[in-house]
There are 2 protein chains.
Amino acid sequence: MTTSQARAGSGEATGTRGRRPGIKDVAGAAGVSVTTVSHVLNGKGRVDAATRARVAEAAERLGYRPNSNARGLRSGRTDTIAMLLPAGADAHDHHVLAVDYYLSLTMKTVEAAFERDQALLQLPPLRRLDDLRRFGIDGGIVLDPVPGDGRVAMFHRLGLPVVTVGRDITRPDDPWWVAADSAASTRTVLEHFAAGGARRVAMLSVDIEWSWFADAERTYVEWAAERGCEPILVLARPDRRDSSAASAAAALLDLRPDAVYVPPQWLATGLLRLARDRGVRVPDDLLVAVGVDSHLARTSEPALTAVDLDPARTAREAVDLLMHRIEGGPPGDPRVIPVTLHPRGSSLRPK
Amino acid sequence: MTTSQARAGSGEATGTRGRRPGIKDVAGAAGVSVTTVSHVLNGKGRVDAATRARVAEAAERLGYRPNSNARGLRSGRTDTIAMLLPAGADAHDHHVLAVDYYLSLTMKTVEAAFERDQALLQLPPLRRLDDLRRFGIDGGIVLDPVPGDGRVAMFHRLGLPVVTVGRDITRPDDPWWVAADSAASTRTVLEHFAAGGARRVAMLSVDIEWSWFADAERTYVEWAAERGCEPILVLARPDRRDSSAASAAAALLDLRPDAVYVPPQWLATGLLRLARDRGVRVPDDLLVAVGVDSHLARTSEPALTAVDLDPARTAREAVDLLMHRIEGGPPGDPRVIPVTLHPRGSSLRPK
DNA sequence: CCTCGCTGCCAAATCGTTTTGCCGCGGGGT
DNA sequence: ACCCCGCGGCAAAACGATTTGGCAGCGAGG
């Protein structure tokens with residue numbers, strides 16, 4: 001029944017006929033035992049320098065790569081970590097539209113994992129515990145946990161190490177997270193508005209329990225209080241995008257702000273359109289900034305001032321933190337990622 | 001050194017305190033040998049119906065899931081397939097901006113793989129053959145192969161089954177691909193323009209050797225020839241987006257078309273802006289359609305008529321085709337995915 | 001009565017690697 | 001002389017599943 005075993009065809013380097021070389025082949029070629037080969041390749045045992053060199057050369061010459069299944073079986077590790085996009089990240093079906101961010105984060109996470117010699121598995125939406133149990137992974141990165149989803153809980157139930165990107169607001173004592181600095185970015189935006197002469201600074205956000213939005217709202221309210229202003233805060237419902245976004249934008253404009261910070265970038269399009277329809281000019285009458293940078297923000301008319309969440313750094317830190325947890329390291333502090341503001345036309349008044 | 005041997009008898013489904021149950025635990029609980037358990041679970045050997053039911057019940061009760069490493073070690077399969085995004089799909093670094101499409105395709109592929117009991121690995125850009133050899137996979141899906149990248153070649157060198165999404169134009173005889181029907185969608189768009197009264201139908205595309213663009217250009221030229229028109233075709237350079245996109249759009253508008261099909265959606269933004277700056281009204285003076293649907297297209301002003309590439313179906317077919325190849329099936333025909341045109345404001349003249 | 005074939009089940013080999021335990025060999029200390 | 005220890009290395013036992021090659025028991029056919 002050996003039909004599968006696609007005949008590996010023309011071999012590699014020198015004459016590799018047939019199968020992929022195993023540790024035995026390397027041992028044979030170097031004239032030592034498999035134990036010694038394993039020790040050399042993993043830098044573990046006590047091996048003479050000359051022997052070490054000989055084994056390394058043989059392994060290199062044969063193009064030897066350890067069989068990941070065998071290694072994983074023995075060591076109990078798979079050298080594979082998982083990543084779970086937020087349910088609803090699919091722009092064709094849903095409304096969570098930080099698409100650029102998620103795609104970039106995905107690719108950067110893949111690369112960061114690769115550099116740590118880990119493979120990265122993309123997991124589907126998990127419906128039952130068994131869904132997660134099927135995968136041979138050492139741990140996982142859950143993106144943007146929300147109170148409702150049981151994803152983090154599933155990892156815990158299976159005793160699997162997990163870290164989140166975005167703080168899980170239902171687990172205030174959990175230090176295993178990485179997140180962009182929402183409070184700092186909010187203050188940066190608000191100060192940017194103030195420096196631009198804005199007096200009535202508002203926020204248009206969304207009623208989702210993600211730490212990025214929750215922290216932005218809290219920081220905004222604090223900031224307004226510090227300046228003795230009444231906060232002007234409108235939250236859109238998170239469900240159907242079109243209607244709730246439009247009505248939230250209308251409600252906000254009715255309050256006559258002269259600057260708006262919009263953490264959920266996908267609400268900005270409707271806001272801009274409505275402003276134009278009402279004769280409110282951006283940036284002349286209204287400064288606008290959004291909380292997630294994207295191609296859309298850059299090419300919008302006017303270009304949208306946006307917070308750069310640095311997905312590359314976020315990915316690196318997330319993988320780093322997860323590996324730390326997998327290796328049994330102590331909890332430590334959460335990783336807060338510094339962010340950058342990209343001021344663009346939507347918040348820069350022509351002089 | 002606690003010799004593990006989990007106490008099979010007291011195995012609880014609820015209290016998953018101890019280690020993961022193995023096939024031995026199931027065998028103990030059902031009062032049979034591991035061989036019989038394996039046979040039942042894989043539907044292979046000859047087992048009495050009553051025994052079969054007993055084993056299945058025990059496995060279910062214990063929440064048993066086979067260890068993927070052990071299974072893979074023995075069977076030579078990993079039940080894991082890989083997916084390779086095109087180099088440059090990262091919008092934060094590069095210019096290939098069908099971001100919605102790729103994210104959607106990714107998630108749909110994950111789900112399709114899951115339904116086939118496969119895990120999906122996301123692979124980083126491969127620099128050397130060893131990069132690919134490191135991963136324990138049964139096969140891979142390469143997105144949008146271009147003549148330069150060696151990705152498909154690497155799979156072939158390792159004897160790994162591979163399929164592509166998008167035809168590899170350097171391998172005309174390779175039937176192992178899935179692609180949206182570029183020719184049909186091009187004709188649909190062109191006829192849509194013609195039905196809208198357009199006389200000078202042009203194309204603005206890009207000089208990349210992707211089948212989606214190449215086929216669109218060819219089809220456009222054919223269509224123009226059939227109608228006895230001179231084709232009005234401008235290709236942007238694929239390198240730096242800003243300058244080349246702007247100059248291509250300018251060159252196109254200089255030719256005074258009254259309709260433009262833009263297969264690479266990311267060129268449309270600049271075109272729309274330039275048209276407005278020149279006083280060319282869309283759709284009154286110029287009909288526009290793009291070749292990849294996206295959130296940007298839907299929320300643009302005016303909304304852009306776009307071709308829906310059906311990433312969900314593409315993903316399903318790609319996984320299906322790959323599994324077929326992995327299982328040693330005969331080549332068969334490529335899978336051409338039918339597409340849908342979404343007419344929107346940019347190509348619908350107000351009556 | 002012997003043989004044959006079939007059913008239902010099991011013991012053991014196997015996959016490729018890591019890890020444990022041990023062994024022979026010098027050399028230095030007592 | 002003897003003991004002990006560190007070095008360099010190997011054989012063999014895991015790891016958890018699948019697959020092979022049986023082995024009883026039983027009924028039917030010669």
Side-chain angles (χ1 to χ4, degrees), chain A residues 1-5 18-55 58-59 62-79 117 133-134 136 138, chain B residues 1-6 8 18-56 58-59 62-80 117 133-134 136 138:
Chain A
M1 209 55 87
T2 58
T3 49
S4 47
Q5 282 301 38
R19 282 201 338 280
R20 193 171 136 177
I23 198 171
K24 288 183 200 158
D25 302 306
V26 177
V32 296
S33 73
V34 293
T35 306
T36 303
V37 175
S38 176
H39 281 160
V40 168
L41 266 33
N42 298 305
K44 288 226 165 166
R46 298 168 308 197
V47 183
D48 185 74
T51 312
R52 190 176 294 276
R54 197 151 37 90
V55 169
L62 296 182
Y64 167 76
R65 297 291 139 181
N67 176 310
S68 60
N69 276 325
R71 179 201 287 265
L73 175 58
R74 180 61 234 244
S75 65
R77 295 223 353 212
T78 61
D79 286 340
D117 282 321
R133 204 163 0 207
R134 282 199 356 204
D138 293 338
Chain B
M1 201 51 58
T2 59
T3 41
S4 40
Q5 284 298 27
R19 276 216 334 285
R20 199 170 131 175
I23 197 172
K24 289 183 200 159
D25 304 305
V26 178
V32 296
S33 73
V34 294
T35 306
T36 303
V37 175
S38 175
H39 281 160
V40 168
L41 266 33
N42 298 306
K44 288 231 164 159
R46 298 168 309 201
V47 183
D48 184 76
T51 312
R52 190 177 295 275
R54 198 152 34 91
V55 169
L62 296 182
Y64 166 76
R65 297 292 140 181
N67 177 309
S68 58
N69 277 323
R71 180 203 287 266
L73 176 58
R74 183 61 234 247
S75 66
R77 295 236 337 224
T78 61
D79 287 339
T80 301
D117 281 323
R133 204 167 358 210
R134 284 201 355 206
D138 293 340

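Every chain is numbered from 1 and lettered A, B, ... according to where its sequence line falls, protein lines coming before strand lines. Keep in mind that this is a model prediction, so the values were computed, not measured. FYI, side chains are in, hydrogens and waters are out, and symmetry mates aren't considered; it's all heavy atoms of this structure.
The salt bridge (Lys or Arg N to Asp or Glu O under 4.0 Å) check on A/Asp138 picks up A/Arg77, with sequence neighbours excluded. Judged as a side-chain hydrogen bond (donor to acceptor under 3.5 Å, both in side chains), and not counting sequence neighbours, B/Thr35 has no contacts. Residues satisfying the side-chain hydrogen bond (donor to acceptor under 3.5 Å, both in side chains) test with B/Thr36, not counting sequence neighbours, are B/Ser33.
At whole-Å resolution of the value, CZ in A/Arg77 and P in C/dT17 are 18 Å apart. When the C1' atom of C/dC9 is taken as reference, atom CD1 of B/Ile23 falls 14 Å away, rounded to whole Å. We find that CZ of A/Arg20 is positioned 15 Å from P of C/dC15, with the value rounded to whole Å. Straight-line distance from the CZ atom of A/Arg133 to the P atom of D/dG16: 16 Å, rounded to whole Å. Atom NZ in B/Lys24 sits about 13 Å away from atom P in C/dA12, given to the nearest Å. Rounded to an integer number of Å, the gap from B/Arg71 CZ to C/dC15 P is 19 Å. If you take CG of A/Leu41 and P of C/dG16, they are 16 Å apart, rounded to a whole angstrom. One atom, CG of B/Asp79, and another, P of D/dT18, lie 10 Å apart when rounded to the nearest Å.
Note on residues 41-51 of chain A: pairs passing side chain to side chain donor-acceptor pair (under 3.5 Å), not counting sequence neighbours, are A/Ser38-A/Asn42.
In terms of phosphate contacts, A/Lys44 brings no side-chain nitrogen or oxygen within less than 4.0 Å of OP1 or OP2 of C/dT18. Between A/Tyr64 and C/dG16, a side-chain N or O to OP1/OP2 separation shorter than 4.0 Å is absent.
Residue contacts for A/Asn69: at a heavy-atom cut-off of 4.0 Å it reaches no nucleic acid atom on any strand shown. B/Ser38 comes within 4.0 angstrom of a base, heavy atoms only.
Distances were taken from every side-chain heavy atom of A/Thr35 (C-beta onward) to each of D/dC10, C/dG16, D/dA17; the shortest belongs to D/dC10. Among the nucleotides D/dT19, D/dT18, C/dG16, the one closest to any side-chain atom of B/Leu73 is C/dG16.
By the 4.5 Å heavy-atom criterion applied to side chains, A/Arg134 and B/Asp117 are counted as neighbours.
Shortest non-hydrogen contact noted between B/Val40 and B/Ala56 is CG1-N, 4.4 Å. Taking both residues in full, the closest heavy atoms of B/Ala27 and B/Val34 are given as CB-N, 3.8 Å, listed atom of the first, atom of the second, then distance.
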For nucleotides 5-9 of chain D, give me every protein contact, N/O to N/O, under 3.5 Å, one pair per line with atom names.
unit_1 : atom_1 : unit_2  : atom_2 : d
D/dG8  : N7     : A/Arg46 : NH2    : 3.2
D/dG8  : O6     : A/Arg46 : NH2    : 3.1
D/dG9  : OP1    : A/Thr51 : OG1    : 2.5
D/dG9  : OP2    : A/Asp48 : N      : 2.8
D/dG9  : OP2    : A/Thr51 : OG1    : 3.4

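Once rounded to the nearest 0.5 Å, the distance linking OG1 of B/Thr80 with CG of A/Asn69 reads 8.0 Å. With rounding to the nearest 0.5 Å, the separation of CG in B/Leu41 from CZ in B/Arg65 is 9.0 Å.
No hydrogens or angles were tested; on distance alone, nothing pairs the side chain of A/Arg74 with the base of C/dT17 as donor and acceptor under 3.5 Å.
One N or O on the side chain of B/Arg20 and one on the backbone of B/Pro66 form a donor-acceptor pair closer than 3.5 Å.
Two end axes, each from the C1' atoms of five base pairs, can be drawn for the helix from C/dC1-D/dG30 to C/dT30-D/dA1; they diverge by 70°, to 10 degrees.
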